[in-house]
Amino acid sequence: MTAYLILKIVHILSGAVLFGTGAGIAFFMLRAHMTKDPRTIASVGRMVVLADFVFTSTAVVIQPLSGLALIHLQGYALTEPWLIVAYVLYVLIGVCWLPVVWIQWRMTRLAEQAAQDGGALPPLYHRLFMAWFALGWPAFAGVIAVYALMVAKPVF
């Protein structure tokens, strides 16, 4: 197996981890939220925060490293228009993802406190949830757009 094929497999798998973990986290966090049960939200939130740390953050680092190596091995210029669009989208995804990670952690802490107190989720939790939900859409769409660019490599 050549270095190119190994890098390509690593790049594809880390992209799958990025997309799959993001979709899974969104699904489980949304489903937990829909229960309105602070204990459920806190429990799922802890797993979601851990999954983001272990899987998403790892893929976030591997993606550009493997991508840059692939660009070099394939002889593309770093300034290819489709790559420039991919870089911009990657930054947009990161700008959405970083606050989402903090929001998930904060929502989890608020749910833990509500569960410990035996009370309802505070209004701040619900405001954070709306921000989390709103930031997830452009990040998710951005990942799909980057996939499309990597597959199609369009000429602009």
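Scope of the values below: all heavy atoms of this structure, side chains included, with no hydrogens, waters or symmetry mates. Note that the structure is a prediction, hence the values are computed from the model and not measured.
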Shortest non-hydrogen pair, G142 vs I93, comes out as C-CD1, 3.4 Å

Verify the cluster assignment for L30 and L50: are they in a single hydrophobic cluster under the rule of side-chain heavy atoms below 4.5 Å apart? no

Tell me if the NE2 atom of H126 is crowded by more than 12 foreign heavy atoms within 6.0 Å. yes

Would you say the side chain of K153 lies within less than 4.5 Å of the side chain of E80, judging by non-hydrogen atoms? no

Taking the side chain as C-beta and beyond, is there a heavy-atom pair between V17 and T58 under 4.5 Å? no

Of all heavy-atom pairs linking P81 and F156, the shortest is CB-CD1, 3.3 Å

Shared hydrophobic cluster, W105 / L110 (ILVMFWY, side-chain heavy atoms < 4.5 Å): yes

Do V49 and L135 share a hydrophobic cluster, counting only Ile, Leu, Val, Met, Phe, Trp and Tyr and linking them when any side-chain heavy atoms are less than 4.5 Å apart? yes

Does the side chain of S57 come within less than 4.5 Å of D52's, by heavy atoms? no

Identify whether L92 and V100 are in the same connected component of the hydrophobic contact network (ILVMFWY, side-chain heavy atoms under 4.5 Å). no

CG-CG distance between D37 and L121, expressed to the nearest 0.5 angstrom: 8.5 Å

With sequence neighbours left out, the residues meeting side chain to side chain donor-acceptor pair (under 3.5 Å) with R46 are E112

Look at the side-chain heavy atoms of Ile, Leu, Val, Met, Phe, Trp and Tyr, link any pair under 4.5 Å apart, and say whether V54 and I25 land in one connected group. no

If the plane angle is over 60° it's perpendicular, under 30° parallel, otherwise tilted; pick one for F129 and Y125. parallel

Remaining members of the apolar cluster that contains V101, side-chain heavy atoms under 4.5 Å: L18, V60, Y90, W97, L98

Taking the side chain as everything from C-beta on, heavy atoms only, tell me whether L68 gets closer than 4.5 Å to I71. yes

What are the two closest non-hydrogen atoms of S14 and A59, and how far apart are they? O-CB, 3.4 Å

Quick check on the 6.0 Å ring-centre criterion: do F28 and H33 meet it? no

Would you check if the side chain of Q74 reaches a backbone N or O of L70 as a donor-acceptor pair within less than 3.5 Å? yes

Minimum heavy-atom distance P64-V61, with the two atoms named: CD-O, 3.3 Å

Write down the atom of M29, the atom of G45, and the distance for their closest heavy-atom approach. SD-CA, 4.0 Å

Mind listing the closest non-hydrogen atom pair of A115 and P38 along with its distance? N-CB, 3.7 Å

Can you find a pair of side-chain heavy atoms, one from L128 and one from W102, that are under 4.5 Å apart? yes

Student check: side-chain heavy atoms of I9 and L13 closer than 4.5 Å: yes

Connecting only ILVMFWY residues whose side-chain heavy atoms lie within less than 4.5 Å of each other, what is the rest of I12's hydrophobic cluster? none

Taking the side chain as every heavy atom from C-beta outward, state whether T108 and I41 have any atom pair closer than 4.5 Å. no

Full working for side-chain contact (heavy atoms from CB on, under 4.5 Å) between T79 and L83: CA-CA 7 Å; T79 56; L83 286 170; over 6 Å; no

Please find out if less than 6.0 Å separates the ring center of W82 from that of Y87. no

Looking only at atom types and distance, does a side-chain atom of Q63 sit under 3.5 Å from a main-chain N or O of H11, one as donor and one as acceptor? yes

Are the side chains of H72 and L78 in touch, meaning some heavy atoms are under 4.5 Å apart? no

